[in-house]
There are 2 protein chains.
Amino acid sequence: MPNRRSDEQVIAEPNTVAALLRERGLRVTPQRRAIFAAFEGGRAGHPSADEVYRRARSQLPELSRGTVYNTLNEFVSAGLLTVVSIGRVQLYDANTADHHHFRCRSCNRLYDVHPIGANKISLTDDFFMVEQTTVLLDGFCGECASPSAA
Amino acid sequence: MPNRRSDEQVIAEPNTVAALLRERGLRVTPQRRAIFAAFEGGRAGHPSADEVYRRARSQLPELSRGTVYNTLNEFVSAGLLTVVSIGRVQLYDANTADHHHFRCRSCNRLYDVHPIGANKISLTDDFFMVEQTTVLLDGFCGECASPSAA
DNA sequence: CTCCGTGCAAAGATTTTGCAGGAAC
DNA sequence: GTTCCTGCAAAATCTTTGCACGGAG
């Protein structure tokens, strides 16, 4: 994000969430802060809704599951998070930059795979033995001519 | 890697199903034939388990949902089908050849996208407006270094 | 003050599992 | 005759929804 409005204080962490939410007309609440906080720190990973629930709850015990689901959906709509569907579970990813994922069939962990250049990805940072590649594109098909970029 | 470039010869006669099943030590039953038949014909598409259930049931009314789920899972394990996770729904695909998918955000339809050459795909057959690309690799990570046979 | 967001719990949707009888081999 | 498959139904998962209260703006 190169262009940042610096007319005011640039307070770092907790404030950013609030700013992001307000920017999209969403209210700022302790619950939302706790939920967003579940993605911070190095070990954020790709938590499921339930994992987010557990993490956020350790910080805000009254938090309810429903709120977590609602909030995650709103964060996704707002572009703060993305979703990765793995089997029948949805995993949430706070890394909204362009990247892909590698899933280990053995330990089930989900790794980020970063693009290098236009259509290449780097698999050399770690040692990955790729057995299957799944590509899912989405957008608008011919019959549903898109409104957004015509 | 993929050599079967010819046609839709992948799906075939009732007899082939039996052969395929037997080949993997699976028993051949009317239920399994009906379930497999749900993928035959031009409009096979990418049915959900429930859609398979509906289709197969029209041909074998006593069929139960549980059997459909069990069977689909076995077919996937046996390599006869593959799964595409879209949100919290799993769609089954009888096309086991190397290919990808395009999902329309408007009509929700799932189209096949065929690879042309090593790392290219063709989007020109129809008119697709791609808004997002999701790539999911899977296999074994460094820590789980694992030979395919064990 | 006015709404939106939350908690709670129940409903929904999808998939899995346990068990006894029956079919496939 | 064994063994695996099936039907049925209940359970397990994961997610959404309805409603009244309380906090954010």
Side-chain angles (χ1 to χ4, degrees), chain A residues 14-15 17-38 46-78 80-81 83-92 108, chain B residues 14-15 17-38 46-57 59-78 80-92 108:
Chain A
N15 209 18
V17 194
L20 284 170
L21 292 175
R22 254 189 272 269
E23 215 167 81
R24 331 228 171 190
L26 298 174
R27 289 194 176 165
V28 182
T29 68
Q31 289 84 350
R32 294 179 174 195
R33 248 184 261 110
I35 288 169
F36 202 85
H46 304 84
S48 64
D50 203 66
E51 173 65 21
V52 170
Y53 174 61
R54 264 176 274 129
R55 290 184 190 177
R57 228 175 112 103
S58 74
Q59 171 177 329
L60 200 76
E62 319 80 4
L63 184 63
S64 81
R65 238 186 212 89
T67 296
V68 171
Y69 278 100
N70 290 339
T71 302
L72 288 174
N73 284 340
E74 298 211 57
F75 283 5
V76 170
S77 301
L80 275 59
L81 299 176
V83 192
V84 192
S85 293
I86 302 286
R88 56 197 176 95
V89 183
Q90 318 237 125
L91 302 181
Y92 295 86
N108 255 16
Chain B
N15 206 18
V17 192
L20 283 170
L21 291 175
R22 255 188 272 269
E23 213 168 81
R24 332 229 170 188
L26 299 174
R27 290 194 176 167
V28 182
T29 68
Q31 289 84 351
R32 293 180 175 191
R33 248 185 261 110
I35 289 169
F36 203 83
H46 305 85
S48 63
D50 203 65
E51 174 64 21
V52 171
Y53 173 61
R54 265 177 275 130
R55 292 184 189 177
R57 227 174 114 104
Q59 170 176 331
L60 199 76
E62 318 81 4
L63 185 64
S64 81
R65 236 185 212 89
T67 296
V68 171
Y69 279 100
N70 290 340
T71 303
L72 288 173
N73 284 340
E74 299 209 55
F75 283 4
V76 170
S77 302
L80 274 58
L81 300 175
T82 57
V83 192
V84 192
S85 294
I86 301 285
R88 58 196 170 97
V89 183
Q90 317 239 124
L91 303 180
Y92 295 85
N108 255 17

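In what follows, chains are A, B, ... by sequence order, proteins preceding strands, each numbered from 1. As the structure is a prediction and not an experimental result, all values here were calculated from the model.
The distance from atom CD of Glu62(A) to atom P of dG23(D) is 12 Å, rounded to the nearest whole Å. To the nearest angstrom, P of dC14(D) lies 14 Å from CG of Leu72(A). Distance CD (Glu23(A)) to C1' (dG25(D)): 17 Å, rounded to an integer number of Å. For the pair Arg57(B) CZ and dT6(D) P, the interatomic distance rounds to 15 Å; values are reported in whole Å. The CG-C1' distance, from Leu63(A) to dG22(D), rounds to 16 Å in whole Å. In this structure, the CD atom of Gln90(A) is 12 Å from the P atom of dT15(C), given to the nearest Å. Leu26(B) has its CG atom 6 Å from the P atom of dC5(D), to the nearest Å. The interatomic distance linking Ile35(A) (CD1) with dG7(C) (P) rounds to 8 Å, in whole Å.
Rounding to the nearest 0.5 Å gives a distance of 11.5 Å between OH of Tyr69(A) and CD1 of Ile35(A). We find the CZ-OG1 distance between Phe36(A) and Thr71(A) to be 12.0 Å, quoted to the nearest 0.5 Å. A distance of 9.0 Å separates CZ in Arg57(B) from CD in Glu62(B), rounded to the nearest 0.5 Å. Rounded to the nearest 0.5 angstrom, Leu81(B) CG and Leu91(B) CG are separated by 12.0 Å.
Across all strands shown, Thr71(B) has heavy atoms under 4.0 Å from sugar-phosphate atoms exclusively, and none from any base.
Of the side-chain N and O atoms in Thr29(B), one or more sit less than 4.0 angstrom from OP1 or OP2 of dT6(D). Taking only side-chain nitrogens and oxygens, Ser64(B) never comes nearer than 4.0 Å to OP1 or OP2 of dA9(D). Side-chain nitrogen and oxygen atoms of Tyr69(B) include none within less than 4.0 Å of the OP1 or OP2 phosphate oxygen of dT16(C). For Gln31(B) and dG7(D), the shortest distance from a side-chain N or O to OP1 or OP2 is below 4.0 Å. Not one side-chain nitrogen or oxygen of Arg22(A) sits closer than 4.0 Å to the OP1 or OP2 atom of dA24(D).
In this structure, the side chains of Thr82(B) and Tyr92(B) stay at 4.5 Å or more apart for every pair of heavy atoms. With a 4.5 Å cut-off on side-chain heavy atoms, Leu26(B) and Arg32(B) count as touching.
Gln90(A) places no side-chain N or O within 3.5 Å of a backbone atom of Ala49(A) that could act as its donor or acceptor partner.
Overall, the helix from dC1(C)-dG25(D) to dC25(C)-dG1(D) carries an axis bend of 40° between its ends, with five pairs at each end and the value rounded to 10°.
Comparing Asn70(A) and Gly66(A), the nucleotide of DNA chain C nearest to each residue sits closer to the 5' end for Asn70(A). Place Pro30(B) and Arg65(A) on DNA chain D by their nearest nucleotides, and Pro30(B) ends up nearer the 5' end. Comparing Arg88(B) and Glu74(B), the nucleotide of DNA chain D nearest to each residue sits closer to the 5' end for Glu74(B).
Distance from the side chain of Arg27(B) is smallest for dC25(C) among the nucleotides dC25(C), dT15(D), dT6(D).
In plain terms, the two heavy atoms of Leu21(B) and Arg27(B) that are nearest each other are CD1-O, 3.9 Å.
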